[in-house]
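Each chain gets a letter, A, B and so on, in the order the sequences are listed, and its residues count up from 1. Everything numeric in this text was worked out from a predicted model, so none of it was measured.
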Amino acid sequence: MLPTDALATLEGALAAAAVACYPQAPAPDVTFEAPRRPEFGDFSTNVAFSLTKIARRSPQDVARALIDAALAHDAGLRVLFSSIEPMAGFINVRLAPASWHAVLARILREGADFGRGEKTGTRISLEFGSANPTGPLVVVQGRTLSTGDTLAKTLRFRGRDVFVEWIINDAGSQVDTLGRSIYARYRQILDPSYPFPEEGYPGDYLRPIARAIYDRDGEDWVDRDESAWLRHFSKFGRDELVAQQQRTALRFGVHYDLWQSEKEMHDQGRVTAGLQRLIDLGATYEQDGAVFFRATAFGDDKDRAIVRSDGRPTYYAADIAYHYEKLQRADRVIDILGPDHHGYIGRLKGLAAALGYEGKLEVTIAQQITLMRGGEQVSMSKRAGDIITLDDILDEVGVDAARFFFIMLSLDSPLTFDLKLAVEQSAENPVFYVQYGHARIASVLRNADPGDCSEAARTTALDRLDHPAELALARRLAELPGVAEGVAVHLAPHRLARYARDVASDFHQFYTECKVLGDDRELRIARLALCIATKTVLATVLELCGVTAPESM
RNA sequence: GCGGUCGUAGCUCAAUUGGAUAGAGCAACAGGCUACGAACUUGUAGGUUGGGGGUUCGAGUCCCUCCGACCGCACCA
């Protein structure tokens with residue numbers, strides 16, 4: 001019997017025992033969790049605490065009574081569990097090894113599908129990475145891209161329908177600024193002293209774009225007025241930079257279902273439609289010829305302008321329309337924003353509330369990344385022109401190390417990243433530890449007799465696995481579905497990275513203590529089966545992390 | 001000033017969302033290969049969870065209040 005089924009049986013028995021022993025108390029909800037410390041058993045429940053007040057007895061006594069009653073009622077529990085003990089008020093249990101063997105057999109049977117969730121029917125809109133099309137992707141986007149993509153994969157793995165989107169902020173004045181910047185670079189090809197606009201985007205990354213225009217059009221634009229060239233240069237730059245951003249995302253292994261142009265939304269009248277909805281709901285007012293969203297009525301700390309007094313919509317207007325569309329087509333809308341967007345949380349949540357979708361929108365901020373090089377802080381401002389691009393990082397440490405590194409930390413936590421250290425210590429990145437585990441298993445399987453391997457891949461004869469390291473590893477592998485679900489529910493991809501390390505660690509320990517390819521055939525097959533199951537789980541986790549699972553390294 | 005995130009071992013971070021003796025990795029120290037990959041492993045040491053109150057069987061987690069860091073606070077995007 002699988003651990004989950006065994007636990008469900010025990011939960012039912014304990015709940016019944018609670019009702020029998022303490023009929024005056026409301027029926028408690030009995031749930032088992034894996035305790036932090038292994039010596040507390042495989043699983044643990046705190047149900048006794050909830051009954052102490054009414055029972056007027058210590059949690060320890062209550063726990064004892066519940067166990068006795070449950071065992072008296074169902075003697076079969078003694079077979080499923082090797083121990084059921086009260087300890088400090090908790091009820092700690094240890095499963096019979098057969099349950100862990102059953103999990104291994106299941107992993108072998110299901111392969112890459114082990115841990116996959118049933119379709120839930122939940123539609124999720126996930127937006128992350130969105131940026132102005134005025135420059136290459138930078139380090140902080142490495143964090144949102146890694147996190148967002150891993151979340152998308154994990155949510156899908158756990159049965160959600162996920163729609164991944166990026167919004168291109170190409171409707172505002174920054175695109176004109178981009179056009180003027182490129183034009184200056186274009187003129188500088190002929191005259192290096194040509195002035196660069198004060199508000200322009202510095203750095204050298206616009207020079208190749210200017211060069212491309214020059215190669216195609218020659219000096220056609222030199223003597224023209226801004227009104228003639230601006231549109232052209234802006235659009236060319238915007239298209240080129242969006243394409244660059246898309247290439248970088250792809251290189252990073254991140255796929256989008258939709259790159260939504262903000263300008264397109266304006267052109268198609270969708271922004272106006274979204275605003276109209278807000279106006280119809282009475283959530284707006286006019287002041288000095290401008291239109292404001294009454295955000296303070298919905299928890300924001302300030303009302304927000306959505307239409308300027310000259311009639312042009314603000315950026316927020318497009319945000320409103322876009323989120324309105326997303327809220328209509330999804331059950332759960334998730335935004336992962338950069339660290340300079342703290343002010344957005346209030347207004348976006350207020351917006352969802354005003355539109356009648358309170359609670360459906362989750363806004364998460366990826367905290368800041370401080371980039372260091374050899375102990376000195378590196379400026380990452382696009383303004384300063386001295387930018388470290390995501391591509392630079394990928395060139396230095398590779399996709400695998402970068403992907404893993406960026407999801408290792410909770411989004412809530414600010415992150416310090418020393419480039420020099422990253423290069424020097426890339427071998428210390430835990431991703432290599434995990435990948436090594438996978439490669440090591442592959443090596444064992446290569447050394448094994450092929451006949452043994454194919455038999456192990458199908459076997460259910462796993463009774464010989466009784467070494468503590470074997471059972472600990474099996475128990476760890478069994479956690480995969482729960483870990484993945486936790487990542488999906490709490491939007492916490494760093495748990496995958498942690499879990500991957502734990503699996504690898506348990507494997508290395510098993511490998512150190514237990515010889516796989518020994519003379520005892522029955523034991524050899526069982527241990528090979530454990531290796532195969534471990535390799536399967538590692539491959540699944542690495543896949544969710546967007547990291548390759550190498551056969552050798 | 002207002003708001004938003006945070007503050008945990010020397011460093012980088014966890015802590016199953018209120019559970020047990022707060023855990024890992026680096027770095028430090030001491031061990032382990034004539035065994036399937038030592039890119040591994042075993043152990044030691046390291047803490048008043050920024051300070052102080054409160055809520056309760058129980059607080060790193062929730063509330064209040066100070067201190068500190070970062071980020072926002074446009075009819076820019």
Every protein N/O lying under 3.5 Å from an N/O of nucleotides 32-36 of chain B:
from  : atom 1 : to     : atom 2 : distance (Å)
B:A35 : O2'    : A:K515 : NZ     : 3.1
B:C36 : O3'    : A:N447 : ND2    : 2.9
B:C36 : O2'    : A:N447 : ND2    : 2.7
B:C36 : O2     : A:L517 : N      : 3.2
B:C36 : N3     : A:V516 : N      : 3.0
B:C36 : N4     : A:Y511 : O      : 3.1
B:C36 : N4     : A:C514 : O      : 3.2

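- Residue-level contact check: A:A318 touches neither bases nor backbone, having no heavy atom under 4.0 Å from any strand.
- A distance of about 14 Å separates the P atoms of B:A15 and B:G23, rounded to the whole Å.
- Here the separation of B:U8 from B:G51, taken at their P atoms, is 10 Å to the nearest Å.
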Subject >> Per-nucleotide protein contact string for nucleotides 12-20 of chain B, where B marks a base within reach and S marks sugar-phosphate only (heavy atoms under 4.0 Å, - for neither) >> reply: -SSBBB-BB

**OP:** Using a 4.0 Å cut-off on protein heavy atoms (strictly under), produce a 5'-to-3' string for nucleotides 71-77 of chain B with B for base contact, S for backbone-only sugar-phosphate contact, and - for none.
**Re:** BSS-BSB

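- Between A:D502 and A:K53, it is A:D502 whose nearest contact on RNA chain B lies nearer the 5' terminus.
- No more than 12 heavy atoms of other residues, nucleotides or ligands sit less than 6.0 Å from atom CD of A:E358.
- Evaluation of the salt bridge (Lys or Arg N to Asp or Glu O under 4.0 Å) rule for A:D29 yields no partner, not counting sequence neighbours.
- Side-chain atoms of A:Y322 and A:E165 include a donor-acceptor pair closer than 3.5 Å.
- Rounded to a whole Å, the CZ atom of A:R446 is 9 Å from the C1' atom of B:G37.
- Residue A:Q509 is classed as a sugar-phosphate contact, given heavy-atom separations below 4.0 Å to backbone atoms only.
- For A:D176, the salt bridge (Lys or Arg N to Asp or Glu O under 4.0 Å) criterion is met by no residue, not counting sequence neighbours.
- Rounded to an integer number of Å, the gap from A:Q435 CD to B:G37 C1' is 15 Å.
- Nucleotides B:U41 and B:G25 are separated by 8 Å at their P atoms, to the nearest Å.
- With sequence neighbours excluded, the residues satisfying salt bridge (Lys or Arg N to Asp or Glu O under 4.0 Å) with A:D267 are A:K263.
- Taking a pair as Watson-Crick or G-U wobble with both distances under 3.5 Å, RNA chain B forms stems of 3 or more consecutive pairs at B:1-7 with B:67-73, B:10-13 with B:23-26, B:28-32 with B:40-44, B:50-54 with B:62-66.
- Residues satisfying the ring pair (Phe, Tyr, Trp, His ring centres under 6.0 Å) test with A:Y316, not counting sequence neighbours, are none.
- Aromatic ring pairs are classed by plane angle as parallel below 30°, tilted from 30° to 60° and perpendicular above 60°; the pair A:H341 and A:Y344 is perpendicular.
- Salt-bridge check for A:R308 with A:D310: failed, with every basic side-chain N at 4.0 Å or more from each acidic carboxylate O.
- We find that CZ of A:F432 is positioned 18 Å from P of B:G25, with the value rounded to whole Å.
- The salt bridge (charged side-chain N to carboxylate O under 4.0 Å, His left out) analysis of residues 489-503 of chain A, with sequence neighbours excluded, yields the pairs A:R476-A:D502.
- Across the protein-nucleic acid pair, A:H508 atom NE2 and B:U42 atom C1' stand 15 Å apart, rounded to whole Å.
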Enumerate, atom names and distances included, each donor-acceptor pair closer than 3.5 Å involving a side-chain atom of residues 524-535 of chain A, sequence neighbours excluded.
from   : atom 1 : to     : atom 2 : distance (Å)
A:R524 : NE     : A:D452 : OD2    : 2.8
A:R524 : NH1    : A:G518 : O      : 2.9
A:R524 : NH2    : A:D452 : OD2    : 3.2
A:R527 : NE     : A:E470 : OE2    : 2.5
A:R527 : NH1    : A:K515 : O      : 2.8
A:R527 : NH2    : A:E470 : OE2    : 3.1
A:T534 : OG1    : A:L530 : O      : 2.8
A:K535 : NZ     : A:E551 : OE2    : 3.2

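- Annotation: B:G72 and B:A77 have their C1' atoms spaced 14 Å apart (nearest Å).
- Under the rule for a salt bridge (Lys or Arg N to Asp or Glu O under 4.0 Å), A:R231 has no partner lying at least two apart in sequence or in another chain.
- A straight line from CD1 of A:I345 to C1' of B:C70 spans 14 Å, rounded to a whole angstrom.
- Taking the C1' atom of each, B:A74 and B:A69 are spaced 26 Å apart, rounded to whole Å.
- For B:U5, the base is anti relative to its sugar; the glycosidic angle deviates from 0 by more than 90°.
- Remark: the A:S309 side chain and the A:D288 side chain contain no N/O donor-acceptor pair separated by less than 3.5 Å.
- The distance from atom CG of A:D506 to atom P of B:G25 is 12 Å, rounded to the nearest whole Å.
- Residue pairs meeting the salt bridge (charged side-chain N to carboxylate O under 4.0 Å, His left out) criterion with at least one partner in residues 335-345 of chain A, sequence neighbours excluded, are A:K326-A:D335.
- Between A:F293 and A:Y285, the gap from one ring centroid to the other reaches at least 6.0 Å.
- Spacing between B:A28 and B:A22 at atom C1', rounded to whole Å, works out to 22 Å.
- Comparing B:U61 with B:G7, their P atoms are spaced 10 Å from each other, to the whole Å.
- With both ends at atom C1', the span from B:G60 to B:G47 equals 12 Å, rounded to whole Å.
- A cation-pi arrangement is absent between A:R440 and A:Y436, since the terminal nitrogen or guanidinium carbon is not both under 6.0 Å from the aromatic centre and inside a 45° cone about the axis.
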